[in-house]
Amino acid sequence: GHTDQVWAVAVSPDGQWIVSGSHDRTVRVWDAATGMQKSEFEGHTDSVRAVAVSPDGQWIVSGSWDKTVRVWDAATGAQQSVLEGHTDPVRAVAVSRDGQWIVSRSRDYTMRVWDAATGRQKSVLEGHSDWVTAVAVSPDGQWIVSGSDDETVRVWDAATGMQKSVLKGHTDPVRAVAVSADNQIIESVDLKFVSIRWSTLTWTNVDDDFDDATDGDTDSTSDDDSDVNTGNYTTT
């Protein structure tokens with residue numbers, strides 16, 4: 001198996017196999033039922049820190065400290081493309097739900113969106129003033145959410161790369177972001193485990209909005225409009 005630390009794992013959509021990325025610079029695929037290694041992908045020249053699987057299970061994406069993102073044929077292990085553009089280590093990768101594009105985040109303070117079929121860079125998402133630590137794709141694939149050590153959460157138009165909103169409220173570095181299944185709520189968590197829920201309709205703190213609406217009304221009860229359904233959070 002791997003000869004050094006494992007930094008990333010992902011599971012195929014059908015649950016039949018697992019993919020792992022390691023400090024030994026390899027990506028490996030394992031049979032989920034037997035635990036046997038099915039294949040090993042070599043090509044990265046530094047530690048592999050991120051892996052993701054396409055929605056159809058046909059290809060695998062990996063991100064590395066060698067500053068590249070690579071796409072592999074899941075069945076054969078053949079390297080399909082090398083995505084170059086980041087100027088610092090790549091720490092995370094994700095695939096849109098329709099499998100049309102890939103998003104990567106790096107220590108260079110940026111995220112980049114790539115065409116999955118051609119490997120061409122579609123856009124560079126710039127705006128954070130510190131490391132981008134978390135990324136999620138909305139279930140409808142319309143926008144990307146990022147969290148950063150700069151204590152902000154930012155929302156980006158996936159098609160154009162334009163920044164839609166900057167969500168400020170955390171007082172510590174953001175460590176995780178997620179989007180509800182109905183696209184209506186973003187949740188972010190920071191280094192001190194403070195969680196904030198944001199409305200994608202108003203780009204405001206849902207809990208603050210609720211507190212403001214009920215402040216001073218001791219007899220009020222929740223109705224359908226104020227009872228926020230956060231749904232199932234999905235990260236990719």
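Computed from heavy atoms alone, side chains included, the values below leave out hydrogens, waters and symmetry copies.
In terms of modelled atom types and a separation under 3.5 Å, the side chain of S199 and the main chain of T204 share no donor-acceptor contact. Side chain of S81 to main chain of G119: no donor-acceptor pair is present (N/O by atom type, distance under 3.5 Å, no hydrogens or angles). Listed for the S54 side chain is a donor-acceptor partner under 3.5 Å among the backbone atoms of Q58. Here the side chain of S106 pairs a donor or acceptor atom with the backbone of D88 at under 3.5 angstrom. The closest donor-acceptor contact from the side chain of T3 to the backbone of D24 lies at 3.5 Å or more, if one exists at all. A donor-acceptor contact shorter than 3.5 Å links the side chain of T200 to the backbone of N183. A side-chain donor-acceptor contact under 3.5 Å links T76 to the backbone of A78. No donor-acceptor pair closer than 3.5 Å links the side chain of S148 to the backbone N or O of T152. Here the side chain of S96 pairs a donor or acceptor atom with the backbone of W101 at under 3.5 angstrom.
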message: Please evaluate residues H86 and T68 with respect to the criterion side-chain hydrogen bond (donor to acceptor under 3.5 Å, both in side chains), reporting the C-alpha separation (whole Å), side-chain torsions for both, the decisive distance (0.1 Å), and the verdict.
response: CA-CA 7 Å; H86 283 296; T68 70; over 6 Å; no
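Residues H44 and T26 have side chains that never bring a donor and an acceptor to within less than 3.5 angstrom of each other. Side chain to side chain, S195 and E187 meet the donor-acceptor criterion of an N or O pair below 3.5 Å.
In terms of heavy atoms, A176 sits closest to A134 at CA-CB, 3.7 Å.
By the side chain to side chain contact (heavy atoms under 4.5 Å, CB included) test, R25 is found to be paired with no residue, residues two or more places apart in sequence or in another chain being considered.
Each of Q37, H2, R28 was scored for a side chain to side chain donor-acceptor pair (under 3.5 Å) with S20, with one residue passing: H2. Each of Q163, H128, R154, R105 was checked for a side chain to side chain donor-acceptor pair (under 3.5 Å) with S146, and the lone residue meeting it is H128.
By the 4.5 Å heavy-atom criterion applied to side chains, V95 and V53 are not counted as neighbours.
Classification of R175 and D149 as a salt-bridged pair holds, one side-chain N sitting under 4.0 Å from a carboxylate O.
Note that the CD1 atom of I186 and the CH2 atom of W198 stand 9.0 Å from one another [nearest 0.5 Å].
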